[in-house]
Amino acid sequence: HGINYVLGGGGSAVTKHPAIDTFFLGNKHGFFRYSSGNTAPILWNNRTIYPTCFDWYRDTLWMGTLTNGLLAYHNGNILEQYPLEDKLGNTVRAIKIHKNYLIAATGSGLMKVDLKTRSVDVLDETDGLHQREIVGIEVLAGFIYLATTKGLVQISMKERQPNNAKPNIR
């Protein structure tokens, strides 16, 4: 398959390796490596995976996927699957790596993973995260900015979002 086939179809994600001239692509056809005019599919356990978004942590490519949560790819191998918290589901819509933190958005919330300690912090509606339709993530000046279908949401990197939900008391 040529690169035009790989890029065809909606929902494409693409990234370039930070040190070499190799591109990684993901879409409805699967996960591919493109280098020197050649495109090769990358399988995981002999199965097609469907990346939705990419970001780099050093020379490891982290990817959010349609059905397999977070995966880490390094030197030609998928090293690990980082399971999402049960309540977040397995579809990752956006990821962003800032310093040693990986921030992943699903249709049910946000997960912040410290890649050095592997500690996980999950934010969802019970924590005051009222916008679940997250389509993009950026980090700037100590804040996580979430692009949602209803506008921009700002969350501090250091503190959990306050729970402003009113209790259901009658």
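Atoms NZ and CG, from Lys112 and Leu123 in turn, are 7.5 Å apart once rounded to the nearest 0.5 Å. Considering CG of Asn45 and CD1 of Ile78, their distance stands at 8.0 Å, rounded to 0.5 Å. Rounded to the nearest 0.5 angstrom, Thr52 OG1 and Tyr50 OH are separated by 13.5 Å. Here the OG1 atom belonging to Thr39 is positioned 7.0 Å from the CG atom belonging to Leu25, to the nearest 0.5 angstrom. Atom OG1 of Thr48 and atom CZ of Phe32 lie 7.5 Å apart (nearest 0.5 Å). Interatomic distance, His98 NE2 to Met157 CE, rounded to the nearest 0.5 Å: 5.0 Å.
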- side-chain contact (heavy atoms from CB on, under 4.5 Å) assessment of Val139 paired with Ile103: CA-CA 9 Å; Val139 178; Ile103 303 152; 3.6 Å; yes
- Assess whether side-chain contact (heavy atoms from CB on, under 4.5 Å) is satisfied between Asp21 and Lys16, documenting all intermediate values. CA-CA 7 Å; Asp21 286 334; Lys16 181 188 174 296; 3.4 Å; yes
- Item | Criterion side-chain contact (heavy atoms from CB on, under 4.5 Å) on Val14 and Tyr34, from CA distance to verdict | CA-CA 10 Å; Val14 64; Tyr34 177 80; over 6 Å; no
N/O donor to acceptor pairs below 3.5 angstrom from side-chain atoms of residues 61-76, sequence neighbours left out:
unit_1, atom_1, unit_2, atom_2, d
Thr65, OG1, Asn68, N, 2.7
Thr65, OG1, Gly69, N, 3.0
Thr65, OG1, Gly69, O, 2.9
His74, ND1, Asp59, O, 3.1
His74, ND1, Thr60, OG1, 3.4

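By the rule that hydrophobic residues join a cluster once side-chain heavy atoms approach within less than 4.5 Å of another member, Ile97 and Phe54 end up as members of separate clusters.
With contacts defined as side-chain heavy-atom distances shorter than 4.5 Å, the pair Leu110/Ile155 qualifies. At least one side-chain heavy atom of Tyr57 sits less than 4.5 Å from a side-chain heavy atom of Asn100. A 4.5 Å side-chain heavy-atom check between Leu152 and Leu146 finds every atom pair outside the cut-off.
Heavy-atom minimum distance, Ile134 versus Gly109: CD1-O, 4.4 Å. Contact record, Val92 with Cys53: CG1-SG, 4.0 Å, taken as the closest heavy-atom pair.
In this structure Trp56 satisfies the side-chain hydrogen bond (donor to acceptor under 3.5 Å, both in side chains) test together with Thr15, sequence neighbours excluded. Legend: residues meeting salt bridge (Lys or Arg N to Asp or Glu O under 4.0 Å) with Arg47, ordered by chain and number and at least two apart, are absent.
Donor-acceptor pairing under 3.5 Å is recorded for the side chains of Gln154 and Tyr145.
Side-chain N or O atoms of Asn77 include none that pairs as donor or acceptor with a backbone N or O of Leu79 at under 3.5 Å.
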